[in-house]
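First the structure, in the form of structure tokens, and then the observations on it.
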Amino acid sequence: MGRAFEYVIVGGGVAAGYAALEFTNRGLSHAQLCIISEEPVAPYERPTLSKDFLLPEAPARLPSFHTCVGANEELLTPQWYEEHGIELVLGTRVESVDVGQKSLLTEAGETIQYGILIIATGAQALRLEEFGVNESKAENVCYLRDLADANRLVDVMQSCTGGNAVVIGGGYLAMECAASLVTNKINVTMVFPEAHCMPRLFSAKIATYYEDYYESKGVKFIRGTILSSFEFDSNGQVTAVNLRDGSRIPADMVVVGIGIRPNTSLFKGQLAMEKGGIKVNGKFKTSNDSVYAVGDVAVFPVDLCGKIHRLEHVDSARKSAKHVVAAILELDKTGEAVHFGDYLGTTFGAYWINNGHLVGSFLEGGTEEEFEAIANATRLKPTVDDPAEVERQGLSFALTVSKKMKPQTPRIEAGTTSLVLETPVYAWHATAGVVLAASISAFAYWYGRRRRRW
């Protein structure tokens, strides 16, 4: 026995939640969308797990950080999915996918058919055993990738107050975990092979600034070496960490943050792969016309450098999810153009209307107030019953609509020209460098908030 849906999302992380919201914003009907997730809870903002979830006082707990609060949008609780007719299949692993037959098989033995499949399977944490280090499933060796990991980490931290923790890794996650451990009154030593922390994002000078601050809070850094082995007690708990340089560090707990690997195994041999991920085009379509991929698993073109990249960043998950839904639903349709203004003069523009809604706009030569109004009106996607009346009103239409609400909508500007598109602008991935810069900004913002707590 099985079921069939027009759209199926495999994976229940950040991207799934943002895709669901975008589907509903674009008029999704009940029973069209199904989300299948191994986790037992509805999609949530994963970055919270290494931040407020680990606070010793007033920690964040669900449902407060379900998607899409990370982008200051609607909180999608399980009830929200139910109200919008979206099927959540939680706590369920997908055993196999047949992209040729447009079907997948769950571990429960159910076959689910789809019209369009969105792969949002995310990534899994790299394990020490993959690098030849035996951890013997010690309960005080912690990873952090999902809610279960976070709950376990909290339990271990609470049993180690005043003790010693060793953090293996010097990346973003490792730095966040180190700060949380200190906040929980645990002594921290960080170990990584590079010359400084976060080498993929930070220059040595920037890294030194953060390392100096961490050291002022008691964090010790051991650079230029790696973990060699653990020492265990009679209960199988780690009691010390041995490093390749011969150092030995007593440990009451260990936190490992050494990277992730995209979850692509279901699709190997069926979809084109590259650089460890699933290769997609500018619309996030894979080598199969009925399958799309977003988030950590997607390897996409970056026009600025003529290469393809895979981004491990929450902003990429959020934005790629929204854009893939736009790509699927719009199918390259730009809609009806309604022009206004004096095309022989200096101020003129156009609205694009699709399925009875404003979906795009263009303005040349307007004032700052008019630019803001047309951007806000486009973001609101108001109903348009009579395009001729919109043409007659011209800019007055946008000014009237904008007064109802003032959302923040990015616009592309050149001199005195403003272009706003709520239909898909697939060149978004050309700004991958900006996303990487945002990683640094996000860390700096988090670090600033953390400083006030330390």
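Only this structure's heavy atoms are used, side chains among them; waters, hydrogens and symmetry mates stay out. Heads up: numbering here begins at 1 and tracks the sequence.
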Assess the side chains of Tyr44 and Glu39: does a donor N or O sit below 3.5 Å from an acceptor N or O? yes

Is there a side-chain contact between Met273 and Phe267 in this structure, where contact means two heavy atoms from C-beta onward sitting under 4.5 Å apart? yes

Does a sphere of radius 6.0 Å around CD in Glu129 hold more than 12 heavy atoms from other residues, nucleotides or ligands, not counting ones at 6.0 Å or beyond? yes

Is there a donor in the side chain of Tyr210 and an acceptor in the side chain of Glu215, or the other way round, less than 3.5 Å apart? no

Would you please say whether a donor-acceptor pair under 3.5 Å links the side chains of Asp245 and Ser247? yes

For the residue pair Val241 and Phe230, establish whether any side-chain heavy-atom pair is separated by less than 4.5 Å. yes

Is there a donor-acceptor pair closer than 3.5 Å between any side-chain N or O of His357 and the backbone N or O of Arg26? no

The single option from Glu22, His323, Glu45, Glu73 passing side chain to side chain donor-acceptor pair (under 3.5 Å) against Arg318: Glu45

Neighbour count above 12 (heavy atom, 6.0 Å) for Glu130 CD: yes

Exam field: side chain Thr286 to backbone Leu271, donor-acceptor pair closer than 3.5 Å: no

Where do Ala150 and Phe53 come nearest, in terms of heavy atoms and distance? CB-CE2, 3.5 Å

Any chance the side chains of Lys102 and Ser290 put a donor and an acceptor closer than 3.5 Å? yes

In the structure I gave you, are the side-chain heavy atoms of Leu144 and Val255 within less than 4.5 Å of one another anywhere? no

Below 30° counts as parallel, above 60° as perpendicular, anything between as tilted: where do the rings of Phe221 and Tyr214 land? tilted

Any heavy-atom pair between the side chains of Ile116 and Tyr292 that's under 4.5 Å? yes

From CA spacing to verdict: side-chain contact (heavy atoms from CB on, under 4.5 Å), Lys279, Phe300: CA-CA 6 Å; Lys279 187 177 181 180; Phe300 54 85; over 6 Å; no

Under the ring pair (Phe, Tyr, Trp, His ring centres under 6.0 Å) rule, what do Phe23 and Tyr7 come out as? Steps first, then yes or no, please. CA-CA 10 Å; Phe23 268 119; Tyr7 311 106; 4.8 Å; yes

Should Gln101 and Gln113 be marked as a side-chain contact (heavy atoms from CB on, under 4.5 Å) after you check the CA-CA gap, both sets of side-chain angles, and the distance that decides it? CA-CA 8 Å; Gln101 296 298 317; Gln113 300 286 143; 5.6 Å; no

Is the shortest side-chain heavy-atom distance between Val41 and Leu62 below 4.5 Å? yes

For the backbone of Thr208 and the side chain of His196, can you confirm whether one donor and one acceptor N or O come within less than 3.5 Å of each other? no

CD1 of Ile186 to CG of Asp252: how many Å apart, nearest 0.5 Å? 8.5 Å

Smallest separation among heavy atoms of Lys283 and Ala327, with atom names: O-CB, 3.8 Å

Nearest 0.5 Å, what's the CG-CD1 distance between Asp296 and Ile260? 4.5 Å

Heavy-atom closest pair, residues Val166 and Val191: CG1-CG2, 4.1 Å

Leu128 side chain near Phe131 side chain, heavy-atom distance below 4.5 Å: no

How long is the span from the CG atom in Asn140 to the CG atom in Leu153, to the nearest 0.5 Å? 11.5 Å

Ignoring hydrogens and geometry, is there a side-chain-to-backbone donor-acceptor pair from Tyr18 to Ala71 under 3.5 Å? yes

Using a distance-only test with no angle check, is there a side-chain donor-acceptor pair under 3.5 angstrom linking Tyr143 and Glu135? yes

Before giving the answer on side-chain contact (heavy atoms from CB on, under 4.5 Å), spell out for Thr378 and Val359 the whole-Å C-alpha distance, their side-chain angles and the decisive distance to 0.1 Å. CA-CA 6 Å; Thr378 306; Val359 295; over 6 Å; no

Would you please test Leu55 and Ser180 for side-chain contact (heavy atoms from CB on, under 4.5 Å) and show each step? CA-CA 7 Å; Leu55 292 176; Ser180 294; over 6 Å; no

Rounded to the nearest 0.5 Å, how far does CG of Asn187 lie from CG of Leu181? 10.0 Å

Between Ser402 and Glu372 the two heavy atoms that sit nearest each other are OG-O, 4.4 Å

Residues two or more places apart in sequence or in another chain: which of them pass side-chain hydrogen bond (donor to acceptor under 3.5 Å, both in side chains) with Gln32? none

When rounded to the nearest 0.5 Å, the distance separating CG of Asn25 from NZ of Lys381 is 5.5 Å

Surrounding CZ of Arg93 (heavy atoms of other residues, nucleotides or ligands, distance under 6.0 Å), is the total greater than 12? no

Answer with yes or no whether the side chains of Asn242 and Ser228 bring together a donor and an acceptor at under 3.5 Å. no

I want to check a possible cation-pi pair here: Arg223 against Phe192, using under 6.0 Å from ring centre and within 45° of the ring axis as the test. no

Is there a donor-acceptor pair under 3.5 Å between the side chain of Gln270 and the backbone N or O of Val99? yes

State, with a plain yes or no, whether a side-chain heavy atom of Thr67 is found less than 4.5 Å away from one of Leu21. no

Is any NZ, NE, NH1 or NH2 atom of the basic residue among Arg152 and Glu139 found under 4.0 Å from an Asp or Glu carboxylate oxygen of the other? no

Close side-chain approach of Thr106 to Ile112, heavy-atom, < 4.5 Å: yes

Quick one: closest heavy-atom pair of Phe5 and Ala31, and the distance? CD2-O, 3.5 Å

Could you give the distance from CG (Leu28) to CD (Glu6), rounded to the nearest 0.5 Å? 9.5 Å

Is any side-chain N of the basic residue among Asp149 and Arg46 closer than 4.0 Å to the acidic one's carboxylate O? no

Looking only at non-hydrogen atoms, find the nearest pair between Met198 and Gly171 and report the distance. CG-C, 3.8 Å

